[in-house]
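Each chain gets a letter, A, B and so on, in the order its sequence line appears, and its residues count up from 1.
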Amino acid sequence: MLDLAITLFTLALLALGLRRPYLWVLAYLYIDILAPQKISYRLLAALPISLIAFVLAFAGWALLDDKRDSRFTLRQGLIGVLMLYCGVTTMMADFPVEAADKWAWVWKALIFALFLPLTLRTRLRIESAALVMVLAVGAIIIDGGIKTIAGGGGYGELHLFINDNIGLYEGSIISAVAIAVIPLVLWLMKHSTIFPSDWRVKLFGAALIFACVLIPIGTQARTGLLCIGLLGVLSLRTVKRRFLYITLAVVGALVAVPFLPDSYTKRMSTIENHGSDESASTRVAVWMWTLDYVKDHPFGGGFDAYRGNKLRIELREGQGGQVDVTETFDKARAYHSSYFEMLGEQGWPGLILWLWLMLSGLWQMERIRARWKRRTGPGETWQAPLANALQQSLLIYMAGSLFVGIAYQPFCYMLIGLQCGLWSYLRRIDSPVRPAISAPSRLRLGNAVAAC
Amino acid sequence: MIDYFALALTHGLLVIAFWRLLGRDDLDTESLGPGPGDEAPEETPAAPDPAARFRLPGRVPRA
């Protein structure tokens, strides 16, 4: 039954694109985030549904969409260069077979991030992309949130729709993404035109945010706690009553602690005492290995180069003057950090390109925020809050990236695509030269700008 | 059961969203006025300017 329902929904979505080709772009977002073909393991799994959606989205834009308003931005160029560079390192990878496997999905994420902004040429398209991203990942988050309340959580034990640790269904990744998506939920609650703000929207949004916060508890991923803390600090910038906000946050945390499972508080305490935690000590050992590795391989070892590592890990336990040091050995341990993932796999050029992509996004969103935040006219109040939300989401992703290898996570590149789309759209409508509008057929914004 | 609920709720909202998008002309072609969800302006001009609807947001008309 579920199989049939998911299949019909996905196919109906693709059919709707025949009337509005842009819906194919939204369909790809939905498919790439939720992976319905994994939930429906019979009917839909038999089709290359992700490829079909991508081909339709691209063909719909290339053949049917008005491209006069599409702009190619510097950050899309950076994504393109990063993709080409990754392709080259894949050809010279230390582990060619494994590298080719990873390249098979990474290039799709990068090329879609490059393509998405070209389609985001109206406000409604930007909003609908954000909404579909939130609702698609929201399905996983709501599932995990309810299961956490029902006591189904635990490190590596929270099962989300599919019994597979891939993509967004991996505990640490969904923990970071669930928190990163909260600013977008808040923006949609206030500024959505598809679901205009009313009590139902606010109720659903509040419940979804609660579920987002529950995910790091359910997965017991330490990254999630870091991301929640960062979101709390970032929110100080925009809240109107800071003192009340801080008071409520402290009271909320104090009230919540007794309800947290023992296993969660024990695991979180290892953040402070990481020397005695094997998982944390292994990370430090891998990072040190990576720094050594790039001394000899400054251009990286290609995807999955970590497979070549051999590690000696020291575990320190004890209190006061008595410290017991035990030694263990390990090999082929993953990077557990996007920064070291980029450095080890793509070398210094790859890391610089990736950081440039991230930091330029923060800068662009700051520029938009500064430019639009004081405007109060009709149609001018949604831009600064959206830039702020996308900036916060990216910062949370970058913080989560410190301890999770999500350098190529497609959801994050969708966020970057949204940023590029917003930047390009606002530059176009806010350019200093006014278009000359002379005939009714020229009343459309896109045509008007194209005419300048 | 929880899986069914989470999928039904979010997919129900996606259906409504797609249905509403189908009926929105501003998905593909943008008019220059405020959208349905925009907040009202703080000050309303005394006399409506017919050219204002063709003006881009935030733009000061040239003299």
Closest non-hydrogen atoms of B:D26 and A:L124, given as atom of the first, atom of the second and distance, are OD1-CD2, 3.4 Å
Applying a strict 4.5 Å limit to non-hydrogen atoms, the region of A:F195 in contact with chain B is both
Donor-acceptor pairs under 3.5 angstrom involving side-chain atoms of residues 1-9 of chain B: please list them, not counting sequence neighbours.
residue : atom : partner : partner atom : Å
B:D3    : OD1  : A:K147  : NZ           : 2.7

Heavy-atom distance under 4.5 Å between the side chains of A:R20 and B:L21, does that happen here?
no
Side chains of B:W19 and A:L16: does their closest heavy-atom pair fall under 4.5 Å?
no
Shortest non-hydrogen contact between A:R123 and B:E30, atoms and distance
N-OE2, 2.7 Å
Do A:L26 and B:L14 make a side-chain contact, defined as non-hydrogen atoms from C-beta onward lying under 4.5 Å apart?
no
With sequence neighbours excluded, what pairs up with A:L56 under the side-chain contact (heavy atoms from CB on, under 4.5 Å) test?
A:L14, A:W24, A:I52
Quick check on A:L208 against chain B: is it the side chain, the backbone, both or neither that has a heavy atom closer than 4.5 Å?
neither
So for A:L34, is it side chain, backbone, both, or neither that comes closer than 4.5 Å to the heavy atoms of chain B?
side chain
Within the 4.5 Å heavy-atom criterion, are B:R24 and A:T193 side-chain neighbours or not?
yes
For B:D28 against A:R121, the heavy-atom pair lying closest together:
O-NH1, 2.8 Å
Which answer fits A:L13, side chain, backbone, both or neither, if we ask what part of it has an atom under 4.5 Å from a heavy atom of chain B?
side chain
Using the rule side-chain contact (heavy atoms from CB on, under 4.5 Å), only one of A:L135, A:V134, A:L131 pairs with B:L13; which is it?
A:L135
